[in-house]
Structures are given as structure tokens and as C-alpha cells.
Amino acid sequence: MDKVPAEHEPEYDPTCYLCPGNARAGGVRNPAYTGTYVFENDFAALKPNVEKTRIDEQGKGLIVAEGEPGICRVMCFSPRHDLTLATMSVEEIEAVVRAWTAQFAELGAMPQIQHVQIFENRGAMMGASNPHPHCQIWSTASIPVIPARELSAQKAYLEEHGRCLLCAYLELEKHQKVRVVCKNEGFIALVPYWAVWPFEILLCSTRHLETLNELSSSEVSQLAAILKQVTATYNRVFDAPFPYSMGFHQSPSDKAAHPEWHFHAHFYPPLLRSATIRKFMVGFEMLGTPQRDITAEIAAEKLRQCTKQ
């Protein structure tokens, strides 16, 4: 099995633009922060002062462009350069969860914002340009494509069956057990039946809730604990730092009620057979439909074994 060198980052890196006290782009200097730290992205893909205009070439609905105002922020999980969610303490991750909640509440309350996306790209393979533990928070004036599709599916299921789609799905998974990786009182992590990525994980709250705002104090601790468990488990799959993209899907911040929405997160890791062999979407998978290299049941069993190491 191919190996990759173990990560040996220093606690503080004088060249890191996310470490406390160091300069970022344009000369902005980070404060000597001691916990989490949030700032406006120096290279923001979204700007709050963009006009929400619409251009439709010749009025045919074929070439359409719309302005998308929004806000992009970066959140450092810790002042320590050498930590990750897998190596932070549960108490440290609890502070991260509380900071996520505060950011979601602040941004989601803005009248121009309809969706807040919290996501982490972990590892160079997933495009992370800096190993310092951090995530991004993008808030947009419209609901992005993938959350919009989830919203539509959950709403349709509720209308047809009179209950939450993910609540029903979790009941099925808890009964069958074969795709469940780990769980605690507040959350369950499983390889979804429809998983495309080899070791994909769907993380759901066991209680029906819509956003981070609704977490009880005990659920904050439970979410922190299962995030640490999932990420530490990933690192044991190939005995190497495991790259992934992770993001929370919460109900839209469009100031409307969304009883159909169930709070969850997705983990999309690219590794397939070793720490250096990744899955690529090519050929028929790009032009037809994704193929499963391993079944969800086999992936879940492998991950369960790694939780016990």
C-alpha cells in the first residue's frame, strides 16, 4: 500500500498567513488570537455590494447572468498551526461549533442573505492551500443548486408522506445497521446508500432540527465528539492524513419556515485504494452516471473497523 509522509507541522509557522500575529494579503495582520478567529476573506468570491441584476441575452432564456451579492469569511479553528479536527480535543471542537453557530445566526439574519454554507477543504488534494486548521463560510443572496435540490426533495417527501425524508431514512439505516459507521445520542454517521465517493459519510442529527441554532448544549458536545471521531477514523483508513471536503447543509436563511429540512453534513473524501490513489470522475461517470467502486456496505465496514483501532 502506498504511503505518504506523516504531517509534522510546527505549532506556529512564521510564514503562515493564518497563524496569530502574522500578516495576510495586503498587509492586514492577524491579532494574537487564542481561540477561534473569523475574518472577511481577503480573496472573496462574493462581495456584499454587488447589484443583484439580471441579464438575459435577447430575452430567450438561453444566455442568462445574474449578480450574486454575498459575504465570504474564513474561520480559524485554533491558533495552533499543527492541529486538525482529528487531533483537537472535543472541548476545542465545541468552541468551533459555537463559533459556527454564531456565524450562521449573524449572516443568516441579514435581509439580503438566503443561504449560509459552512465548509472545510482538508488537505492539498482537495484544494486546501494552507494546512492551518480552518474553514470557509460563504453566504449568498440565493440558494445554491445542490441545497436547492435537497430542499425540493425534502419538501416533496414531506408533502407525499407527511413526514421528514431524513427522519424516515435514519429509521431504515438504524434498523439495517450495515451502513452505520458510528453514532452517539445526538448524531449518526453513515455511508449513504447512494454514496458516490468511496468513503463518503452523511452525518445527521438524530433529532429533527433545521440549523445549528437549535442545538442544545449537550448536542453541541455530541456534534463535536462525532466530528472528532469521523475525522480521526478517516486518518486510520490508510494510516495517513485523509483529505476531504465537508460541509453543513442547514435550512435556507430566507426567513421562511422549513419544516421539511433536516440538519446534516456531507463528507466527500477522494481516496480510493490507498493514500495516493484517488477516485476520478471521468468517461462514463462524467457523461452518464457515477459508478460505485466499492459498495456502501463495504465502505461502512472498513470505517467501523477503523473506529475501533
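This one's a predicted model, so the numbers in the text were calculated from it and none came from an experiment. Start at 1 with the first residue, then count along the sequence.
Between Glu285 and Lys279, at least one side-chain N (NZ, or NE/NH1/NH2) sits under 4.0 Å from a carboxylate O, which counts as a salt bridge. Of the charged side-chain nitrogens involved, at least one lies within less than 4.0 Å of a carboxylate oxygen, so that Arg163 and Glu171 count as a salt-bridged pair.
Side-chain heavy-atom separations under 4.5 angstrom define the hydrophobic clusters, and the remaining members of the one that includes Tyr193 are Tyr157, Leu165, Leu166, Tyr169, Leu170, Val180, Ile188, Leu190, Trp194, Leu202.
In this view, Glu57 and Ile55, Ile63 satisfy the side-chain contact (heavy atoms from CB on, under 4.5 Å) rule, not counting sequence neighbours.
How far CD of Glu160 is from NZ of Lys155: 15.5 Å, rounded to the nearest 0.5 Å.
Heavy-atom neighbours of Glu185 CD from other residues, nucleotides or ligands within 6.0 Å: at or below the threshold of 12.
Annotation: cation-pi geometry not satisfied between Arg236 and Tyr234 (NZ/CZ under 6.0 angstrom from ring centroid, within 45° of ring axis). For the pair Arg73 and Phe39, the cation-pi test (distance below 6.0 Å, angle within 45°) is failed.
Taking the six-membered ring where the residue is Trp, the centroids of Phe248 and Phe263 are separated by under 6.0 Å. Aromatic rings from Trp138 and Phe119 are positioned such that their centres are separated by under 6.0 Å.
Residues Val220 and Arg98 meet the side-chain proximity criterion, which asks for heavy atoms closer than 4.5 Å.
Applying the ring pair (Phe, Tyr, Trp, His ring centres under 6.0 Å) test to pairs two or more places apart or on separate chains, those with a residue in residues 201-232 are His208-His262.
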